[in-house]
Amino acid sequence: MASGAGGANVAATCIQPENALSTVAILLSAFVLSVTALLVFIWSQRSSMFDKSAKAAEVIFAPGEIGTREDPAAGTALGLGNAELVDRARADASTAPLVFFFFCCAFAWLLVASAAGLTASIRLHEPDWLAHQPWLTFGRIRTIHLNAVAYGWAPMAGLGIALFVIPRLLKTPLVGAPFAFLGAALWNAALIAGLGAIAVGLSDGLEWLEIPWQIDILFVIGGALVGVPLVLTLVHRRVEHLYVSVWYMGCALFWFPVLFLVANVPGLHRGVQQAAMNWWFGHNVLGLFYTPLALASVYYFLPKIIGRPVQSYNLSLLGFWGLAFFYGQVGGHHLIGGPVPGWLISLSIVQSMMMIIPVLAFTVNQHQTLKGHLDALRTSPTLRFIGFGGLMYTASSIQGSFEALRIVNAVAHFTHFTVAHAHLGLYGFVTMVFFGAIYFIVPRVSGREWPSPGLIAAHFWFAAIGITIYFVSLTIGGWLQGEAMLDGSRPFMDSVTLTAPYLKWRSVGGALMAVGHVIFVVHFVMLLVGRSAGRVQPALLRNF
Amino acid sequence: MSEFHISPQEERENPDPYEGTGPVPWPMLALVALVFGFCIVYITRSDIETPSDWGDGRDSSELSGAKESGKVDGAALFASLCVACHQANGQGLPGVFPPLAGSEWVLGKDSTAAAILLHGMTGELIVKGATYNGVMPAFGSQLGDEQIAALLSYVRSQWGNSSSAVSVETVARAREAHKDRTAPFAGEKELPARD
């Protein structure tokens with residue numbers, strides 16, 4: 001209250017120069033011009049597409065007519081002489097060991113991240129548990145959880161999927177795979193060092209950027225080496241038209257190094273700039289790295305499995321360029337109420353709302369593709385995970401757009417509500433899609449089938465029910481917490497104590513998810529030791 | 001690169017996907033117009049005409065608001081330094097952090113309470129019949145006499161406590177009396193008398 005009155009006094013005494021341009025007018029004109037330019041740009045892309053569409057489709061589409069779903073009863077869809085099949089087998093042969101290595105790393109980090117996350121969650125309602133180990137205190141174990149997901153599980157799984165999918169879509173064997181092997185090894189070494197540094201209390205002190213910058217140098221080198229074969233393969237590609245999945249994956253591999261490098265250069269940003277940069281990175285690493293990798297996976301695997309083309313190239317364009325243009329500016333909504341220029345905040349809020357457009361373009365496109373084939377969601381493990389993930393993309397993105405509005409943010413900011421939202425996006429959407437993609441890819445790179453449909457179903461239900469409990473409990477608890485903090489007549493401690501039951505439910509949800517992950521990894525080990533015993537029929541889900 | 005083997009998994013797959021050229025449905029276009037319109041209205045109505053010289057032109061005295069005759073706020077000091085252990089209700093945590101409400105050490109001799117704040121203490125302390133064995137940090141180098149006096153006066157008047165206010169002079173004398181001390185008081189036996 002006191003500071004509000006002080007602000008009014010200052011405002012009253014402060015006279016603006018007469019000829020100052022209105023900030024609103026500048027912001028509004030910049031916004032309208034840029035969005036109009038974007039729409040014109042998308043239109044021009046679409047027009048030129050029509051010239052090439054017939055040819056492009058020929059290049060992409062095999063002579064074999066659209067097949068049926070992946071189903072043992074359907075038998076073999078294509079003969080051996082088929083050119084696409086040969087390209088596919090060549091592409092897979094060039095990536096298999098590499099993709100396998102990435103997935104093994106991803107599995108290890110998934111388990112580490114689950115253990116750290118569950119520990120952090122339990123610490124919030126059992127603060128005395130393990131209280132004498134400094135590295136197990138909430139501040140460090142939560143950070144370990146975040147970094148193990150952000151730089152371990154998600155990129156290892158996502159890049160592994162990209163390395164598998166891109167050569168297939170370019171009909172070109174991967175060029176320069178040893179670079180990626182070396183890069184992945186450096187990356188994982190960096191992450192081990194980074195988590196160790198956090199555990200002993202060394203940190204850069206910025207959320208999402210905690211790992212000390214000296215270690216970040218290794219990430220930059222490792223990441224660049226992983227990118228080399230993908231660029232080389234693009235250069236050597238044998239198709240003219242790039243399928244939509246390649247746009248997303250290619251751009252994610254370009255965007256992430258820019259984000260990571262700029263954000264980690266020491267001493268470059270200070271004060272308010274540093275805060276603005278922090279959330280520019282923190283939000284973009286979600287929207288311009290994990291999200292495009294997962295969207296690309298949906299765009300590839302969903303039509304692949306049901307055997308129909310993606311319905312609208314036009315919607316794909318709208319979804320891709322919308323994400324590319326709007327997303328980079330949304331991070332400022334994390335700083336609502338902070339000492340940041342008002343125009344920057346307002347711009348980030350309107351761009352958050354504009355994100356509704358690409359999100360719904362994607363959703364409508366997938367829905368049209370899936371229409372009439374919903375029963376495949378029951379039988380195909382990949383499609384079940386990816387279908388769930390796609391729905392959660394829509395849900396978490398729309399929620400995020402509205403969360404950016406000042407009126408919602410005033411309640412939700414600094415509460416568990418935001419944590420629930422983050423998990424709906426990075427778990428409900430990204431992680432579930434990656435699970436689905438891994439279920440498809442592993443039999444291709446290992447030549448072995450998943451041993452047990454029952455374990456796949458168990459993994460799905462533990463994960464799906466776990467994230468549901470997690471999200472619902474934290475969303476309710478977070479909202480009540482925010483309302484309690486805004487109520488001046490209640491002591492602050494009320495807003496803390498009222499969250500206790502919701503935090504316990506969060507631990508229940510988190511434990512279910514962790515059990516699902518253990519089942520997943522055990523199942524993978526069973527596959528490796530040959531428990532599917534020469535079976536060549538896919539593990540399909542029935543009656544689960 | 002020519003070495004490859006077509007596995008049954010690869011063989012049974014559908015062809016790789018491609019894109020149809022379906023049109024953008026009109027509700028989608030309507031949505032684009034709607035969201036665009038909303039954002040224009042939002043920017044027009046948003047309160048962002050903050051003078052651009054803000055943040056640079058103001059000094060700290062302007063930003064911190066009107067000063068109340070330089071009086072130190074004991075409640076604010078308590079909230080920032082003490083509340084984590086002794087809790088907002090002054091009850092501490094049973095068995096871990098002793099209470100301040102009704103504590104004989106708080107309500108007793110003011111110079112003793114000042115000495116504890118100045119130098120901190122470790123080891124056994126009996127408060128309201130319960131024995132505590134924790135660590136109280138020293139605030140002598142962090143807080144001035146005036147701040148310690150305000151803090152003690154606040155603690156001695158809250159949660160049912162009603163002892164007299166502590167003067168700056170009392171704290172200054174306590175600081176002088178224990179000026180040779182370098183370590184915290186080791187338990188109750190080293191503390192000065194409380195009454």
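Residue numbers start from 1 in every chain, and the chains themselves are labelled A, B, ... in the order their sequence lines are given, proteins ahead of strands.
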Answer key: most heavy-atom pairs under 4.5 Å with chain B among A:V32, A:V364, A:I356 is A:V32
Counting heavy-atom pairs under 4.5 angstrom with chain A, the leader among B:S46, B:S7, B:P27 is B:S46
Requested in this report: Quick one: sort the B:W159 and B:F78 rings into parallel, tilted or perpendicular, breaks at 30° and 60°.
Outcome: tilted
Is the shortest distance from a Lys or Arg side-chain nitrogen in B:E13 or A:R168 to a carboxylate oxygen in the other one below 4.0 Å? yes
Answer key: most heavy-atom pairs under 4.5 Å with chain B among A:M493, A:R406, A:E449 is A:E449
| query | When you look at A:Y313 and B:Y18, which way does the ring pair (Phe, Tyr, Trp, His ring centres under 6.0 Å) test go after all the steps? | reply | CA-CA 9 Å; A:Y313 177 74; B:Y18 66 103; over 10 Å; no
> Is B:E19 paired with A:R308 through a side-chain N to carboxylate O contact shorter than 4.0 Å?
Replying inline: no
Review point. Between B:Y154 and B:R156, is there a cation-pi geometry (under 6.0 Å to ring centre, at most 45° from the normal)?
Key: no
Max heavy-atom pairs within cutoff under 4.5 Å with chain B, candidates A:A96, A:P303, A:S312, goes to A:S312
Cut-off 4.5 Å, heavy atoms of chain B, and the answer for A:F492 is neither
Practice task
Salt-bridge test for A:E84 and A:R88: reply yes if a basic N is under 4.0 Å from a carboxylate O, no otherwise.
Solution key: yes
CA sep, side-chain torsions, deciding dist, call: B:Q142, B:Q147, side-chain hydrogen bond (donor to acceptor under 3.5 Å, both in side chains): CA-CA 10 Å; B:Q142 180 184 354; B:Q147 289 170 306; over 6 Å; no
Under-4.0 Å salt bridge between B:K179 and B:E176: yes
The interface call for A:L318 against chain B, heavy-atom contacts under 4.5 Å, is side chain
**Message:** Please evaluate residues A:V165 and A:F301 with respect to the criterion side-chain contact (heavy atoms from CB on, under 4.5 Å), reporting the C-alpha separation (whole Å), side-chain torsions for both, the decisive distance (0.1 Å), and the verdict.
**Reply:** CA-CA 9 Å; A:V165 168; A:F301 292 108; 4.0 Å; yes
Looking only at A:V310, A:V35, A:V244, the option with the highest number of non-hydrogen pairs under 4.5 Å against chain B is A:V310
Is the A:Y243 to A:Y300 ring centre distance short of 6.0 Å? no
Checking heavy-atom separations under 4.5 Å from chain A, one finds in residues 32-44 of chain B B:V32, B:V35, B:F36, B:F38, B:C39, B:I40, B:Y42, B:I43, B:T44
Honestly, the part of A:I349 sitting under 4.5 Å from a heavy atom of chain B is side chain
